[in-house]
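Input: a single structure, listed below in structure tokens.
Numbered from 1 within each chain, the chains take letters A, B, ... in sequence-line order.
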Protein chains: 2
Amino acid sequence: MKGYLWTGGDPGSQSTVPPPDNGRLAPYEAIAVEAVGNVIEFWGFKRNQGRVWGLLYLRGEPLTAGEIERELDLSKGGVSMLLRDLERWGVIQRVRVPQDTVWRYAAETDLVRMVTHVVEEREAAFVTRIRADLSEARRLAEAAGGVPPERLRKLERMATLAEHVERALRLFIKTSRLDVAGVLGAFRDGALGRKGDR
Amino acid sequence: MKGYLWTGGDPGSQSTVPPPDNGRLAPYEAIAVEAVGNVIEFWGFKRNQGRVWGLLYLRGEPLTAGEIERELDLSKGGVSMLLRDLERWGVIQRVRVPQDTVWRYAAETDLVRMVTHVVEEREAAFVTRIRADLSEARRLAEAAGGVPPERLRKLERMATLAEHVERALRLFIKTSRLDVAGVLGAFRDGALGRKGDR
DNA sequence: CATATAGTTCAAGACCGCGTGAACTGCACC
DNA sequence: GGTGCAGTTCACGCGGTCTTGAACTATATG
């Protein structure tokens, strides 16, 4: 079992078997949370980052680390790191409820923006690099001499190809942004008691 | 060392240290091959699948498994599996040179088509599934009753979002295809002594 | 100041995918 | 039939990533 909250607690009170994990997530919540987890993983982040954000978003009200830990069955340390990441990305916000001592965390609605942003950076940089490599290869090949022109043509073609993919990629991101903008509008008012400052 | 060709061979003849891997790949070849490897890995395939294809494409003429093994410093078994995969995807072709007993492998020019194809399948199916999950979650939530309408709205929004991402994705693939088509045309004649039958 | 709880950090370990290399099959040639 | 090489299959191990859990710091409370 993972829980780590009641350090000295007597675990035998509720039931002998570790309570089957997700403390109390309603089935529909579990599904939704997993869905977000999958999406986010798909885009190259950690699954659990998505799950945490999903939970926070769905719940609407800020949760404490302990609650997240329990609901999502994660370790204390893990939650801490996940929250830090998400905060750095700007997709959750750390809030302090009046006269309460613990931090709570609330979902920003910018998950999409973050994803497209990061993806943009990552992918674009990557594809650009590839292109550069291929140019370099062609340069080298030319310099070396004795390389059949046939091959030079191939290298050139590969580079061109990369260029085109790059263009398509950028277009995708832009489109995705635009296309999603409308949704985001509606989305935005779903944010709860915090201002969307970023 | 990886080489595995001369089973009973005396490895001491050439030099005491294992010949520094990539048998004879020209620097420019190495770069190009790695570039393809990176791209392909980026799209969720195995890096070495890309490297193999890259080598075959660049070389133009069909190579034997042994040659690939040596040039790319892979194991016999590995090469076999990689080639099988690539052949299944239809991006390389197994050819038998007249009066020669070994198989040789030649690059098809359809790498791009394959990538977009597979990506299409994978991603689209994936995103679709997410959407389905989210709908399901909403259904469950409604059925369960007692779920604040606030939440229902959120679930709905997530689903809508997924839908939009899906649309953008499809568009991307289509664009990429079109955009790349021109290049492919030029590409195509780069294929050597084999018919582009598929 | 002592104690308890919230939060952070990081080494150790679980987990997973890939490639290796050995055993095996198949085929050709002698 | 036997030898040798091309090709396939698969259990194992290596290397990477993610998570855990314990030690540690910070902060509040009596």
Side-chain angles (χ1 to χ4, degrees), chain A residues 1-9 11 18 21-22 37-38 40-52 62-88 92-105, chain B residues 1-11 18 21-22 37-38 40-52 62-88 92-105 122:
Chain A
M1 73 145 67
K2 285 34 177 308
Y4 188 73
L5 276 181
W6 330 269
T7 33
D21 287 353
N22 17 16
N38 289 332
I40 232 54
E41 183 178 31
F42 183 79
W43 289 112
F45 302 85
K46 297 192 209 165
R47 157 183 219 78
N48 280 331
Q49 290 169 346
R51 297 211 308 147
V52 169
L63 301 186
T64 68
E67 284 162 342
I68 297 171
E69 180 186 337
R70 210 176 316 110
E71 300 286 26
L72 261 30
D73 187 39
L74 296 170
S75 70
K76 189 174 152 87
V79 169
S80 173
M81 292 184 344
L82 293 171
L83 287 174
R84 193 154 47 66
D85 293 341
L86 291 173
E87 200 186 355
R88 248 205 344 247
I92 68 172
Q93 221 182 247
R94 177 188 293 234
V95 301
R96 178 86 78 175
V97 178
Q99 74 252 22
D100 192 350
T101 175
V102 302
W103 284 109
R104 293 174 178 274
Y105 303 85
Chain B
M1 72 143 67
K2 288 28 181 314
Y4 188 72
L5 275 182
W6 330 269
T7 32
D10 148 30
D21 287 351
N22 16 17
N38 289 332
I40 232 54
E41 184 178 31
F42 183 80
W43 289 112
F45 301 86
K46 296 190 207 164
R47 156 182 221 79
N48 280 331
Q49 289 169 347
R51 298 211 308 147
V52 169
L63 300 186
T64 68
E67 285 162 342
I68 297 172
E69 179 186 337
R70 211 176 315 111
E71 300 286 27
L72 263 30
D73 186 39
L74 295 169
S75 70
K76 191 174 152 82
V79 171
S80 172
M81 292 183 346
L82 293 171
L83 288 174
R84 193 153 48 65
D85 293 341
L86 291 174
E87 200 186 354
R88 248 208 339 250
I92 67 172
Q93 222 182 245
R94 178 187 292 232
V95 301
R96 178 87 77 175
V97 179
Q99 74 251 25
D100 192 351
T101 174
V102 303
W103 283 109
R104 292 174 177 273
Y105 302 86
R122 259 207 321 238

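For the side chain to side chain contact (heavy atoms under 4.5 Å, CB included) test, residues two or more places apart in sequence or in another chain that qualify with A:N38 are A:E41, A:R47, B:F126, B:I130. With sequence neighbours left out, the side chain to side chain contact (heavy atoms under 4.5 Å, CB included) criterion links A:W43 to A:V39, A:F45, A:V115, A:V119, A:F172, B:V165.
The residue A:R84 sits close only to the backbone: its heavy atoms come under 4.0 Å of sugar-phosphate atoms, none of a base. As judged by a 4.0 angstrom heavy-atom cut-off over every strand, B:R94 is placed among residues touching the sugar-phosphate backbone only. Backbone-only contact: A:T101 has heavy atoms under 4.0 Å from sugar-phosphate atoms and none from a base.
Rounded to whole Å, atom C1' of D:dT19 lies 16 Å from atom NZ of A:K76. Atom CD in B:E41 sits roughly 11 Å away from atom P in D:dT17 (whole-Å rounding). What separates CG of B:L74 from P of D:dT8 is a distance of 15 Å, to the nearest Å. Atom CE in B:M81 sits roughly 16 Å away from atom C1' in C:dC24 (whole-Å rounding). The interatomic distance linking B:E69 (CD) with C:dG21 (P) rounds to 10 Å, in whole Å. Distance CZ (A:R47) to C1' (C:dA14): 17 Å, rounded to an integer number of Å. At whole-Å resolution of the value, CG in A:L82 and P in D:dT19 are 6 Å apart. Atoms CZ (B:R96) and C1' (D:dA6) sit 9 Å apart, rounded to a whole Å.
Among C:dT20, C:dT8, D:dT8, the nucleotide with an atom closest to any side-chain atom of A:S80 is C:dT8. In this structure, of C:dG21, C:dG7, D:dG7, it is C:dG7 that holds the atom nearest to the side chain of A:V102.
Interface remark: the B:K46 side chain does not form any donor-acceptor pair with the C:dG19 base, using a distance-only criterion of under 3.5 Å.
Put simply, the side chain of B:L83 reaches to within 4.5 Å of the side chain of B:I68, judged on heavy atoms. When side chains are defined from C-beta on, B:W103 counts as touching B:R96, because their heavy atoms get closer than 4.5 Å.
Using a distance-only test at 3.5 Å, with no hydrogens or angles considered, a donor-acceptor pair links the side chain of B:R51 to the main chain of B:L72.
OP1 or OP2 of D:dT19 sits under 4.0 Å from a side-chain N or O of A:N48.
If you find the closest nucleotide of DNA chain D to A:G44 and to B:L83, the one lying nearer the 5' end belongs to B:L83.
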